[in-house]
There are 2 protein chains.
Amino acid sequence: MTDNNDELVDRLRDAGLRPTRQRKSLGNLLFSAGNRHVTAERLHEEAMNAGVAVSLATVYNTLHQFTSAGLLREVAVEGAKTYFDTNTSQHFHFYHEGEGKLVDIPTDMVLLENLPDAPEGTKITQVDVTVRVKKK
Amino acid sequence: MTDNNDELVDRLRDAGLRPTRQRKSLGNLLFSAGNRHVTAERLHEEAMNAGVAVSLATVYNTLHQFTSAGLLREVAVEGAKTYFDTNTSQHFHFYHEGEGKLVDIPTDMVLLENLPDAPEGTKITQVDVTVRVKKK
DNA sequence: CTGTGTGCAAACTCTTTGCATAAGT
DNA sequence: ACTTATGCAAAGAGTTTGCACACAG
């Protein structure tokens, strides 16, 4: 964890973001435990539990800055809630409707083919595949 | 249009929904012009423009009732906005990020394969494929 | 008549913004 | 010092809810 700090600081610097206390803390929560899918609120709670004082507004700001910097990917699944995914590569999700939980689907299994070209004058920015599931 | 009314009334009845003035009007706006993708707000405006007095709350209620009845499909694309799609069969979308516009992709072209089974104890309710595009 | 649907306004949830204060370099 | 980030509280957008009134069967 503490070992990751230098690496994290570099990532932030490279992204043009000053490595402030808050950004480092949030960065550690996000990136030190494999792929994660968090909402702003969830991350805010985690920070609090970890004894890091961060305001919710800052969590939002930080998540968006990380996203612009390419460190995170935004996933829109449902209603108002926005999820941020630490896995920025092309991959798909299961979404558990009951629990509001998002889980990776290993991409290499899935085949998405014959997508038509983007409409005239536009280009594809992202392809989202969400498989909604619920308890039977 | 007026010809569709009997058909629409039957659809509503079959769904266990009383064919009220509002539901018939909204139903006509939704189903008489091919496949549509609307937000509650958009539909509300249209109703107003068509001289039909409906409150926004009723539009929301109606859209949800239609969705439960299987007449519509809910599509979550971005942030707070929920789109309702009159095409309830399996198909995919282009989403224009700039304009917030949703467009069908004819399914028969696209191939989505090797989806893993739904996680233990769950079943798939819907598969959403959204190709985000933006102006170049 | 009887029960379901509607309209309104207020409440709610998630997210964003503005501005004074604090921290990074 | 100078600039960028943060915190707070308030505003905003979209959606939902509760309750009195209206309409369909």
Side-chain angles (χ1 to χ4, degrees), chain A residues 5-6 8-27 29 37-48 50-69 71-72 74-84 100 102, chain B residues 5-6 8-27 29 37-48 51-69 71-72 74-84 99-100 102:
Chain A
N5 260 327
D6 288 351
L8 178 58
V9 167
D10 288 346
R11 284 181 89 176
L12 293 175
R13 283 230 162 77
D14 289 350
L17 300 171
R18 291 221 287 234
T20 62
R21 183 175 59 77
Q22 291 83 342
R23 301 216 263 232
K24 284 187 287 186
S25 303
L26 296 177
L29 289 171
H37 305 87
V38 291
T39 59
E41 223 171 304
R42 186 103 210 65
L43 184 59
H44 184 232
E45 281 173 27
E46 284 186 23
M48 300 310 247
V52 183
V54 195
S55 75
L56 184 55
T58 297
V59 172
Y60 274 105
N61 288 337
T62 303
L63 287 171
H64 285 136
Q65 291 156 349
F66 283 12
T67 302
S68 309
L71 303 177
L72 292 176
E74 219 171 322
V75 184
V77 275
E78 177 140 305
K81 248 167 223 148
T82 307
Y83 287 76
F84 293 85
L102 207 56
Chain B
N5 261 327
D6 288 351
L8 177 58
V9 167
D10 288 345
R11 283 181 90 178
L12 292 176
R13 283 231 163 75
D14 289 349
L17 299 172
R18 278 200 203 155
T20 62
R21 182 176 59 77
Q22 291 84 340
R23 300 216 262 236
K24 283 187 287 186
S25 303
L26 295 177
L29 288 171
H37 304 89
V38 289
T39 59
E41 224 170 301
R42 187 103 209 66
L43 184 59
H44 185 232
E45 281 172 26
E46 285 187 22
M48 301 308 249
V52 183
V54 196
S55 74
L56 184 55
T58 297
V59 173
Y60 274 106
N61 288 337
T62 304
L63 286 172
H64 285 138
Q65 291 156 349
F66 282 12
T67 301
S68 310
L71 304 176
L72 291 176
E74 220 170 322
V75 185
V77 274
E78 176 139 308
K81 247 166 222 148
T82 307
Y83 287 76
F84 293 85
E99 304 144 62
L102 208 55

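To find a chain, count down the sequence lines: A is the first, B the second, and so on, and within it residues start at 1. Note: hydrogens, waters and symmetry copies are ignored here, and every other heavy atom, side chains too, is used.
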What is the distance, rounded to the nearest whole Å, between atom [atom1] of [X] and atom [atom2] of [N]?
| X | N | atom1 | atom2 | value |
| --- | --- | --- | --- | --- |
| B:Gln65 | D:dA24 | CD | P | 15 Å |
| B:Tyr83 | D:dA13 | OH | C1' | 14 Å |
| B:Gln22 | C:dG7 | CD | P | 4 Å |
| B:Leu26 | C:dT6 | CG | C1' | 12 Å |
| A:Lys81 | C:dC12 | NZ | P | 17 Å |

For this session: Taking the side chain as every heavy atom from C-beta outward, state whether A:Leu43 and A:Leu26 have any pair of such atoms under 4.5 Å apart.
Result: yes

Verify the contact: side-chain N or O of [X] to OP1 or OP2 of [N], cut-off strictly under 4.0 Å; return yes or no.
| X | N | value |
| --- | --- | --- |
| B:Arg23 | D:dA24 | no |
| B:His64 | D:dT15 | no |
| B:Thr58 | C:dT6 | no |
| B:Tyr60 | D:dT15 | yes |

Would you mind classifying the nucleic acid contact of [X] as base, sugar-phosphate or nothing, using non-hydrogen atoms under 4.0 angstrom?
| X | value |
| --- | --- |
| A:Leu56 | base |
| B:Thr82 | sugar-phosphate |
| B:His44 | nothing |

Problem set entry | Ring centroid separation B:Phe84 to B:His64 under 6.0 Å | yes

Exercise. Picking from A:Asn5, A:Asp10, A:Val9, what satisfies side-chain contact (heavy atoms from CB on, under 4.5 Å) with A:Pro19?
Worked result: A:Val9

Exercise. Below 3.5 Å, does any donor atom in the side chain of A:Arg18 face an acceptor in the base of D:dT3, or the other way round?
Worked result: yes

Problem set entry | Interatomic spacing from OG in B:Ser55 to CG in B:Asn61 - rounded to 0.5 Å | 7.5 Å

